[in-house]
There are 2 protein chains.
Amino acid sequence: MAPPRFKRLPKHIGIIPDGNRRWAQNKGLSKEAGYEFGLEPGIQLYEKCLELGIKELTFYGFTQDNTKRPAVQRKAFQKACVDAVKKLSNRDASLLVVGNSTSPLFPPELRAYTTRQTFGRDLIKINFLVNYGWKWDLNYALRNSDSNHTNMVKAIASTDVSRIDLIIRWGGRRRLSGFLPIQTIYSDFYIVDDMWPDFKPEHFYDALAWYEEQDITLGG
Amino acid sequence: MAPPRFKRLPKHIGIIPDGNRRWAQNKGLSKEAGYEFGLEPGIQLYEKCLELGIKELTFYGFTQDNTKRPAVQRKAFQKACVDAVKKLSNRDASLLVVGNSTSPLFPPELRAYTTRQTFGRDLIKINFLVNYGWKWDLNYALRNSDSNHTNMVKAIASTDVSRIDLIIRWGGRRRLSGFLPIQTIYSDFYIVDDMWPDFKPEHFYDALAWYEEQDITLGG
């Protein structure tokens, strides 16, 4: 099916794929079983972005906050992120993993992706946050004191991730949960009540239809 | 009328009082005429917070981005902020104005309020953002290099403003627009479609009723 036509598209979309654990519980599964059902939706969404010509896509994988959860859950979302990044590296994309890779909670298999690399054709930039922390990201600008930076935007750890135009969050919650505080300053925020493993292309198209009606002013 | 009872209240509420210009246009007035109609809603909201025992309230006055608007609008929102702070200083509150007060765009009448002072009884903390800029706030941590801080949260200009639990934005837009990026990391975000000058206590109570149903995890 061809995607609908839009008169104005966001350049950069941020995805908060929430609700994996609630989805699993609703199915009578253990909480951690939900994460692997988030992989296929991610690939579907990537394909829809390619069809529409979206330039940049950022997935909120897991955070340093999330790693305080029970080990069985932590291992499950770490594995899901490793599998997702590997799947994307078999597609057309310029791929970057952003997160604290010096920590033992960062999956070693993903260290190779912490420098941006193009796989296949350079059709879309994809950023994948893995063991990301907003404090880690912002405090980097202070730790990195030999840089003589006076501009946070250029001194943070995630400086290679551009401003996000549209955030789509699955799972019904209306909060950022630490998602790239600098890049989300002006983002429009669309909530899908369904859980992420129940992703449908219509969720995405509804978000884009809503976005094109927004008046973008950047405060001016 | 007594307020409804709530089983769990936010400690700190952030208010984005948007829609003054659209409200004025809808009434056939010039855009800048809308701002003065935002004063009375602010006082009403303050009174509702006192009745419920809310501990801290932050108003998004105007930003450095906003000052790029036509001068007639800029003067109108500067005056509305001065009048609002003066009204609040005649009530019971511990009041702080946060913003770049070294700029000519900062109303000189408000310089006296950039250190927190208690007026009347210390029943609620109120923060009022005036000529606030997210870059100004965060870059302060970098400029302030003799502080030896390694923690952004303690080094930013708005460090005296605590974490916000609930943001209520009037005027239908679903974005932060640079509102305190550090303090809003985990905030739940409630949107009122009505414009700010059409404030009704029910908007506020609906937001609180929604908030008490949210599952607060802070990422854990």
Side-chain angles (χ1 to χ4, degrees), chain A residues 18 22 62-70 133-145 147-156 164-167 169 171-191 210-211 213-220, chain B residues 18 22 62-70 132-145 147-156 165-167 169 171-191 210-211 213-220:
Chain A
D18 194 25
R22 284 173 283 160
F62 73 88
T63 66
Q64 293 179 308
D65 287 337
N66 299 154
T67 61
K68 294 168 200 155
R69 295 175 186 168
W134 66 272
K135 286 185 188 170
W136 165 81
D137 190 3
L138 302 188
N139 287 343
Y140 186 88
L142 297 180
R143 288 192 305 272
N144 196 8
S145 60
S147 67
N148 279 322
H149 273 299
T150 54
N151 182 347
M152 283 293 296
V153 178
K154 292 182 180 166
I156 56 176
I164 294 177
D165 301 301
L166 171 64
I167 299 165
R169 181 171 186 146
R173 289 183 179 148
R174 304 193 211 164
R175 58 179 87 136
L176 284 172
S177 305
F179 185 48
L180 294 165
I182 302 280
Q183 290 89 342
T184 57
I185 288 281
Y186 298 111
S187 305
D188 280 290
F189 199 0
Y190 186 87
I191 307 297
W210 173 79
Y211 178 79
E213 300 304 325
Q214 302 308 304
D215 176 30
I216 309 303
T217 63
L218 305 181
Chain B
D18 195 24
R22 285 174 281 159
F62 73 88
T63 67
Q64 294 179 308
D65 288 337
N66 298 154
T67 62
K68 296 167 199 155
R69 295 177 186 167
Y132 174 84
W134 66 271
K135 285 184 187 170
W136 165 80
D137 190 4
L138 302 188
N139 287 344
Y140 186 89
L142 297 180
R143 288 193 305 273
N144 196 7
S145 60
S147 68
N148 279 322
H149 272 301
T150 53
N151 182 348
M152 284 292 296
V153 178
K154 291 182 181 165
I156 56 177
D165 301 301
L166 170 65
I167 298 165
R169 181 170 184 146
R173 289 182 178 147
R174 304 192 211 166
R175 57 180 85 136
L176 283 172
S177 304
F179 185 48
L180 295 166
I182 302 281
Q183 290 88 343
T184 58
I185 289 282
Y186 297 110
S187 305
D188 280 288
F189 199 179
Y190 186 87
I191 309 297
W210 173 79
Y211 178 79
E213 300 304 324
Q214 302 308 304
D215 176 31
I216 308 303
T217 63
L218 307 181

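Letters A, B, ... are given to chains in the order of the sequence lines, protein chains preceding strands, and every chain is numbered from 1. Side chains included, hydrogens not; waters and symmetry mates left out as well; all remaining heavy atoms used.
- Of the two parts of Tyr190(A), the backbone and the side chain both hold a non-hydrogen atom closer than 4.5 Å to a non-hydrogen atom of chain B.
- Shortest non-hydrogen contact noted between Arg175(A) and Ser187(B) is CB-O, 3.1 Å.
- Among Ile182(B), Thr63(B), Asn151(B), Ile185(B), the residue with the largest count of heavy-atom pairs under 4.5 Å with chain A is Ile185(B).
- Contacts with chain B were tallied for Gln64(A), Met152(A), Arg174(A), Gln214(A); Arg174(A) has the most, counting heavy-atom pairs under 4.5 Å.
- For chain A, no part of Phe179(B) is nearby; none of its heavy atoms comes within less than 4.5 Å.
- Taking all atoms of both residues into account, the shortest heavy-atom contact from Leu176(B) to Arg169(B) is C-NH1, 4.0 Å.
- Counting only heavy atoms from C-beta outward, the side chains of Glu213(A) and Asp188(A) never approach each other to under 4.5 Å.
- Contact count versus chain A (heavy atoms, under 4.5 Å) is highest, among Trp210(B), Phe189(B), Phe62(B), Trp134(B), for Trp134(B).
- For the pair Pro181(B) and Thr184(B), the tightest heavy-atom approach, listed with the atom from each and the gap, is O-OG1, 3.5 Å.
- Under the 3.5 Å distance criterion, the side-chain polar atoms of Arg22(A) are matched with a main-chain donor or acceptor of Gly171(A).
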